[in-house]
There are 4 protein chains.
Amino acid sequence: MPKITQDTRANILLTTLQLFLEKGYKNVSYQDLVKHTGLSKGAIYHYFESKDALLIAVFEFLLEATKEPENEKPHEIVKDQESFMKLFIAGKTKQIDSFKKLMGNKPLKLNRLLFFFEAISENQQLKQILVELSKHELTILEGYFAGLNMHHAIPKGKDIHLLAESLYWMLQGGEMSVFFLQEDDWEDAIIKMYQKTITDFFKII
Amino acid sequence: MPKITQDTRANILLTTLQLFLEKGYKNVSYQDLVKHTGLSKGAIYHYFESKDALLIAVFEFLLEATKEPENEKPHEIVKDQESFMKLFIAGKTKQIDSFKKLMGNKPLKLNRLLFFFEAISENQQLKQILVELSKHELTILEGYFAGLNMHHAIPKGKDIHLLAESLYWMLQGGEMSVFFLQEDDWEDAIIKMYQKTITDFFKII
Amino acid sequence: MPKITQDTRANILLTTLQLFLEKGYKNVSYQDLVKHTGLSKGAIYHYFESKDALLIAVFEFLLEATKEPENEKPHEIVKDQESFMKLFIAGKTKQIDSFKKLMGNKPLKLNRLLFFFEAISENQQLKQILVELSKHELTILEGYFAGLNMHHAIPKGKDIHLLAESLYWMLQGGEMSVFFLQEDDWEDAIIKMYQKTITDFFKII
Amino acid sequence: MPKITQDTRANILLTTLQLFLEKGYKNVSYQDLVKHTGLSKGAIYHYFESKDALLIAVFEFLLEATKEPENEKPHEIVKDQESFMKLFIAGKTKQIDSFKKLMGNKPLKLNRLLFFFEAISENQQLKQILVELSKHELTILEGYFAGLNMHHAIPKGKDIHLLAESLYWMLQGGEMSVFFLQEDDWEDAIIKMYQKTITDFFKII
DNA sequence: AATGAATGAGCGTTCATTCAT
DNA sequence: AATGAATGAACGCTCATTCAT
């Protein structure tokens, strides 16, 4: 009996995302999907023609839903370290919130990096998506530093692009440590890491 | 027919490492191992009681063989940016060389991160090993910055630990980008990234 | 959106026939049928209650459309080897033409025997149909030989029924070889085989 | 626990042959094979790497075991219709007996043609094997007719090759009818058909 | 020390079929 | 008349593992 649910597709995507994040692509079987979606194998195949197609769809769904919002005129807002921090953390918090909202009340044992790297290694097409995402995030940071520069909040003569890139990589490295070590409470841990990293960054430059 | 190889164990470890790095833990089957070692399933089980045990052994084998050598008195050697760079690159080059030597003439299509993260997610015990490793690398960097400080090669008043940690994370982030994008020629790419990152770092501080 | 095709049923039959001939009953799935008819699964089930029913319908459709036409007074026409050959080949050509017309311009990679035998082994009811068909063809041949006999075109004392049956079996065996070896251009090949077989037959009797 | 049976391979081949003959390649599943061999899926895959490989192996096994024996000097033996018939039937009986022996006491519901045609349509490589087989059988028949000719037991001036080919095709056609109509007792039916066909053949030439 | 026969659970995928709309 | 969501069993095949030899 076909259910009236129009959200079967969303149900599949969401459940699959959750499972992929928790256990990794390879470790999630259709049996798992059946169990957690409440659908039959056939129904899932009705919406996604293969596990591979499901991977891509889930990945795009995740990025779509959690893409960092770009501020329109960052240089009007970012004047000093304090406003930099505030805006950055606000952006990330928003991202995390939309992520948590996306997940609903479903419990989430995160092992995000595994999923990311698996996804990439299984599917070349996803690599490009991630490269774009990383450029996007770098651009945002550059906007922030441009603001700081306009307000003379950073030492003269520093290369804005270099600063942005350096901080971006530090943040990436920091994220790695967090995800390495922390499976639960990662939301708090990662926000604290962002704060510490930015604070440290302003100390060393 | 017993093989002449006395080092059956080493053969298994090496072959497995290569396969894990290339395809990831989950994607390597005993069938693959049999094919590439020239041994039988039984023989592999004779040396390693499970695929899990093999994973740990291989991981330790890898870290053992490529651990960054700690200089005895870094502050005597590291006097300025130039000597910093030289020593750091020398250490990493040594690491990579011992890695390549380890692999012998076997071709290596790297997908290293996948293996690392898979290993970690499959096996809690490996996480601790990696944490130790990361502390070790951080300590080395701190030694370098202490040397720089002794020779007044960095601005006064900068926190040495902070500098080391910041650079460490930047390097980690940099490694990620390289491994994301580059599957072949990663040796060159990663050395260049190290050089660029260190150069940039000295520009921004 | 309802298709303009009024002859949905004919569309299904034709497409299915083509697919069955090309790939065999077992290798044709509803997915294939959907793809090639442009209809939905439900629509096909609306016309044929099961794949089995579809098989029978298609089989009957095929036989109906390609049944060899019986000449009214063969003994008036068939006077000698030449007229025998002419009439026989004309009949077969007609059959093949109506078959090709039936298939329209759809390309047809023939593997006809597989389909026939599959059909029979899947469905007892079809066996009887084929037996009837074979009797029909035998009767036609007997009519031809009766004509020859009336015109003293065959050696005296030969049993007409025996001659007809013998030739019929030879032709059957010949068809088998053709279908074994030839997937494309079977129309030409089979006509040539008919000609050779009849010529040979007149040589040996 | 590995059994001592050295005949696991033979067991698989025999059981599979029986099932293929009875139900056809497509209709035999590994589940069936497991059930009838008493082995596990894995064990069967240990011996044959795929269902396709199994098909070829079974096919070769069948032909090997039932190939018609070639008489050394047929023209010394075949002198007239009677000796022709005797030798031919003896050869076929031998073939059938070795086939029945091969099958052991296992009950056999024959649907042989389906299997043959399926095998061929699934696997190009098998087609060639069958062509060779058919040439072999034709050669044997030609030897017989040469014998007849030497003893002036056939009308003068008849082309020996033509006679052999014609009879061969008649026999092929005859086999088809038998297999079409008869599933049980096919051994008797086919021998009777051979006898009738040969008798008829000598009547019409 | 090393083999390879054998297991059985599980994999991703396809199947014919049902039925509310 | 026609759709397409949904089912659940079955498919061929691979897996890590065991163990008698």
Side-chain angles (χ1 to χ4, degrees), chain A residues 1-6 8-9 26-34 37-54, chain B residues 1-3 5-6 8-9 12 26-34 37-54, chain C residues 1-3 5-6 8-9 12 26-34 37-54, chain D residues 1-6 8-9 26-34 37-54:
Chain A
M1 293 152 277
K3 310 241 171 61
I4 313 153
T5 357
Q6 300 216 349
T8 304
R9 201 187 127 96
K26 268 273 169 185
N27 293 314
V28 174
S29 70
Y30 274 84
Q31 196 168 288
D32 292 327
L33 295 176
V34 165
T37 55
L39 294 163
S40 67
K41 269 186 199 185
I44 300 171
Y45 270 93
H46 189 68
Y47 288 92
F48 303 95
E49 68 176 0
S50 66
K51 208 185 164 189
D52 224 63
L54 189 48
Chain B
M1 292 155 276
K3 299 276 148 47
T5 347
Q6 296 203 343
T8 306
R9 201 187 128 95
I12 296 171
K26 266 275 168 185
N27 292 317
V28 174
S29 69
Y30 274 86
Q31 196 171 289
D32 292 325
L33 295 177
V34 164
T37 55
L39 294 164
S40 68
K41 280 186 190 182
I44 299 170
Y45 270 95
H46 186 72
Y47 287 94
F48 303 96
E49 67 175 357
S50 69
K51 207 184 164 190
D52 226 64
L54 190 48
Chain C
M1 292 154 272
K3 300 274 147 52
T5 346
Q6 295 203 342
T8 305
R9 200 187 127 95
I12 295 171
K26 267 277 168 183
N27 293 316
V28 174
S29 69
Y30 275 85
Q31 196 170 289
D32 291 325
L33 295 176
V34 164
T37 55
L39 294 163
S40 68
K41 280 185 191 184
I44 299 171
Y45 270 95
H46 187 72
Y47 286 93
F48 303 95
E49 67 174 358
S50 68
K51 207 185 164 189
D52 225 62
L54 189 48
Chain D
M1 289 153 276
K3 309 238 173 64
I4 313 154
T5 358
Q6 300 216 352
T8 304
R9 201 187 128 96
K26 267 275 170 184
N27 292 314
V28 174
S29 70
Y30 273 86
Q31 198 168 285
D32 292 326
L33 295 177
V34 164
T37 55
L39 294 164
S40 66
K41 265 186 205 186
I44 300 171
Y45 272 96
H46 189 69
Y47 288 91
F48 303 96
E49 67 177 1
S50 67
K51 207 185 166 189
D52 224 63
L54 190 48

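Labels below follow one simple rule: chain letters A, B, ... track the order of the sequence lines, proteins then strands, and each chain is numbered from 1.
- Taking each heavy atom of D:Ile44 and D:Val34 in turn, the nearest pair found is CD1-N, 4.1 Å.
- At least one side-chain nitrogen or oxygen of B:Tyr47 sits closer than 4.0 Å to the OP1 or OP2 atom of E:dA2.
- Closest to the side chain of A:Tyr45, out of F:dC13, F:dA16, E:dT14, is E:dT14.
- Distance A:Leu39 CG to F:dA5 C1': 10 Å, rounded to the nearest Å.
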Tell me, what's DNA chain F's dot-bracket, Watson-Crick or G-U with both distances under 3.5 Å, | for other-strand, [ ] crossing?
.||||||||||||||||||||
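- Taking atom CG of D:Leu54 as the reference point, atom P of F:dG12 lies 11 Å away to the nearest angstrom.
- Residue A:Phe48 contributes atom CZ, which lies 12 Å from atom P of F:dA6 at whole-angstrom precision.
- Here the OH-OG1 distance, from D:Tyr47 to D:Thr37, works out to 11.0 Å after rounding to the nearest 0.5 Å.
- Place D:Asp32 and B:Glu49 on DNA chain F by their nearest nucleotides, and D:Asp32 ends up nearer the 5' end.
- Applying the side-chain hydrogen bond (donor to acceptor under 3.5 Å, both in side chains) rule to C:Lys41 yields no partners; only residues at least two apart in sequence or on another chain are considered.
- For the side chain to side chain contact (heavy atoms under 4.5 Å, CB included) test, residues two or more places apart in sequence or in another chain that qualify with D:Ser50 are D:Asp52, D:Ala53.
- Nearer the 5' end of DNA chain F, as judged by each residue's closest nucleotide, is the contact made by C:Ile44, out of C:Ile44 and B:Lys26.
- A close approach under 4.0 Å does not occur between any side-chain nitrogen or oxygen of B:Thr8 and OP1 or OP2 of E:dA1.
- Between A:Lys51 and C:Asp52, it is A:Lys51 whose nearest contact on DNA chain E lies nearer the 5' terminus.
- Note that the CG atom of A:Leu39 and the NE2 atom of A:His46 stand 11.0 Å from one another [nearest 0.5 Å].
- Dashed line: the shortest gap from a side-chain N or O of B:Tyr30 to OP1 or OP2 of F:dC15 is not under 4.0 Å.
- A heavy-atom distance below 4.5 Å is found between the side chains of C:Leu33 and C:Val28.
- Rounded to whole Å, atom C1' of E:dC15 lies 13 Å from atom CG of C:Asn27.
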So which protein nitrogen or oxygen atoms get under 3.5 Å of nucleotides 8-10 of chain E's nitrogens or oxygens?
none

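- Among the atoms of the strands shown, none is found under 4.0 Å from any heavy atom of B:Val34.
- Checking the phosphate oxygens (OP1, OP2) of F:dA1, a side-chain nitrogen or oxygen of C:His46 falls inside 4.0 Å.
- In this view, B:Asp32 and B:Lys23, B:Ser29 satisfy the side-chain hydrogen bond (donor to acceptor under 3.5 Å, both in side chains) rule, not counting sequence neighbours.
- Take D:Tyr45 and apply the ring-ring contact (aromatic ring centres under 6.0 Å, His included) test, not counting sequence neighbours, and it matches D:Tyr30.
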